[in-house]
Amino acid sequence: MKDDNFLKENNARHLWHPMGHPGAAQETPPRIISGAEGVRITDIDGHSAIDAVGGLWCVNLGYSNDPVKQAISDQLSVLPYYSAFAGTSNPTAIEASERVRAFFAEDGMARVFFTSGGSDSVDVALRLARQYHRLRGEPTRTKFLSLKKGYHGTHFGGASVNGNPRFRHGYEPLLPGCFHLPAPYTYRNPFDETDPAALAQRIAAAMEDEIAFQGADTIAALIVEPILGAGGVIVPHETFFPLMRDICDRHGILMISDEVITGFGRTGDWSGARHWGVQPDMMTTAKGISSGYFPVGATLVNEKVAEVFEGADADGAIYTGYTYSAHPVGAAAVVATLDETVRLDLKTNAAARGAQLYEGCLKLAEKYDIVGDVRGGHGLMTGVELVSDRDAKTPMDAATMKRIHDAAWEAGAMVRLGMHNILMSPPLTITEDEVNTVLGALDAGFSVA
Ligand SMILES: Cc1ncc(COP(=O)(O)O)c(C=O)c1O
């Protein structure tokens with residue numbers, strides 16, 4: 001390992017970072033995180049803080065889970081890689097597929113397709129949705145519906161259904177045939193509707209309208225997050241997901257629940273769809289599937305979709321997938337992660353600590369005028385939207401956001417900025433005391449605005 005001077009000197013000089021400006025990264029180099037233990041991360045200068053980001057909504061088990069580390073290491077010795085393209089498999093992938101399917105059996109999931117991450121899982125789901133309709137004799141169903149503010153990764157398909165202009169404009173033209181509905185975002189929406197149940201009805205009406213306009217027989221799928229994560233932790237009303245399910249059913253449209261963040265306990269339930277009492281047709285997962293210890297994702301389909309593929313002629317062959325799909329080391333990480341996720345009953349802690357974090361942020365909103373909106377209360381996903389003028393809801397400027405972020409870090413918590421939102425998704429193992437530390441650090445951060 002090179003020494004600290006080398007690392008600081010070369011920081012961001014050769015590495016272009018995702019989701020940032022490469023020139024700006026050279027001027028203000030990123031923090032170098034060099035170690036982690038439990039729910040804490042440590043930078044190269046020895047400063048330690050609670051990771052209220054959970055890596056990137058993914059380190060559900062915290063950083064010190066030895067059974068998962070051991071499983072990865074053991075698998076590396078036995079079989080570090082083999083392809084799962086048609087014709088070969090490996091024992092760990094077979095076990096992992098059975099485990100993931102069983103984990104989501106209550107959601108109606110029947111088959112598992114492994115990928116290398118969330119964007120891959122989304123891409124696979126969109127492809128399978130089109131192919132499903134083609135196999136059933138409805139090849140005109142090629143379009144996709146999704147939500148503004150939604151985030152579905154950055155492959156061209158995912159970027160096309162994404163609802164944030166940031167991830168779209170530089171890369172257009174994107175996939176044709178993608179249409180966006182308003183988000184269930186009570187703080188700002190085109191209807192000026194602050195009641196979440198009424199807003200859910202408005203969006204359902206907009207969806208019906210769009211389907212009538214496009215023609216139901218042209219639409220393959222709706223893709224939607226149970227709680228919108230990167231878009232600012234937007235929590236829909238409890239009627240929203242069931243409404244979406246009902247409309248999809250009535251129009252023959254597949255419902256894809258993007259569970260890349262919400263899967264594996266983050267919402268306080270094992271899946272976000274289950275949290276809302278809905279069975280989707282497909283689920284896209286990643287992140288918590290391996291607690292971020294190895295890059296893995298999975299797309300799941302229900303029996304209805306599986307039957308169409310498995311009963312089809314040669315056109316039922318799936319001509320997508322990745323070199324690292326069903327990677328044996330990733331599969332070992334998945335099996336061990338699921339064991340630990342269930343053993344530690346992460347969903348129950350996520351619900352309790354999520355409520356604590358949310359309520360703590362609501363208290364901070366009473367103290368600081370810069371807090372425009374606090375969103376969460378459904379597991380360990382919390383968003384705090386900051387404004388410079390509460391009445392006008394003016395988004396807080398980037399320089400102030402950075403100052404707040406730095407002050408929170410100095411006071412003991414790493415939080416994530418998403419524009420003028422503070423986003424939090426700590427490991428699901430976090431304790432009551434540690435949540436209090438995060439709240440204290442946020443308090444310190446807000447005080448420097
Ligand atoms: C809901 C959702 N879908 C897809 C993705 C993309 O996952 P990845 O970054 O692993 O490609 C993300 C990433 O944050 C996500 O939050």
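One-based numbering, in listed order, for ligands and for the atoms of each. For the single chain, residues carry numbers from 1 onward in sequence order.
Residue contact check: Ile261 has heavy atoms under 4.0 Å from atoms 16 (O) of ligand 1. Counting the atoms of ligand 1 from 1 in the order shown, those under 4.0 Å from a heavy atom of Glu225 are 1 (C). Every atom of ligand 1 with a heavy atom of Ser119 under 4.0 Å away is listed here by number and element: 6 (C), 7 (O), 8 (P), 11 (O). Near Gly153, meaning under 4.0 Å from one of its heavy atoms, ligand 1 places the atoms 4 (C), 5 (C), 6 (C).
Using the six-membered ring where Trp is involved, Phe264 and Phe104 have ring planes that are perpendicular, over 60° apart on the 30 and 60° scheme. In this pair, His378 and His275 present their aromatic rings perpendicular. The plane angle is above 60°, beyond the 30 to 60° band.
Protein heavy atom at the shortest distance from atom 10 (O) of ligand 1 is Gly118 N, 2.9 Å. Closest to atom 3 (N) of ligand 1 among all protein heavy atoms lies Asp258 OD2, 2.8 Å. Of the protein's heavy atoms, Tyr151 O, 3.3 Å lies nearest to atom 2 (C) of ligand 1.
Here the closest heavy-atom approach between residue Phe241 and residue Val278 is recorded as C-CG2, 3.7 Å.
Arg134 and Gln131 are not linked by any side-chain donor-acceptor pair at a separation below 3.5 angstrom, with hydrogens and angles left out of the test.
Side-chain contact check for Arg266 versus Leu428: some heavy-atom pair is nearer than 4.5 Å. Contact annotation: the side chain of Ile32 approaches that of Asn11 to within less than 4.5 Å [non-hydrogen atoms, C-beta and beyond].
Heavy-atom separations between Lys287 and ligand 1 include at least one value shorter than 4.0 Å.
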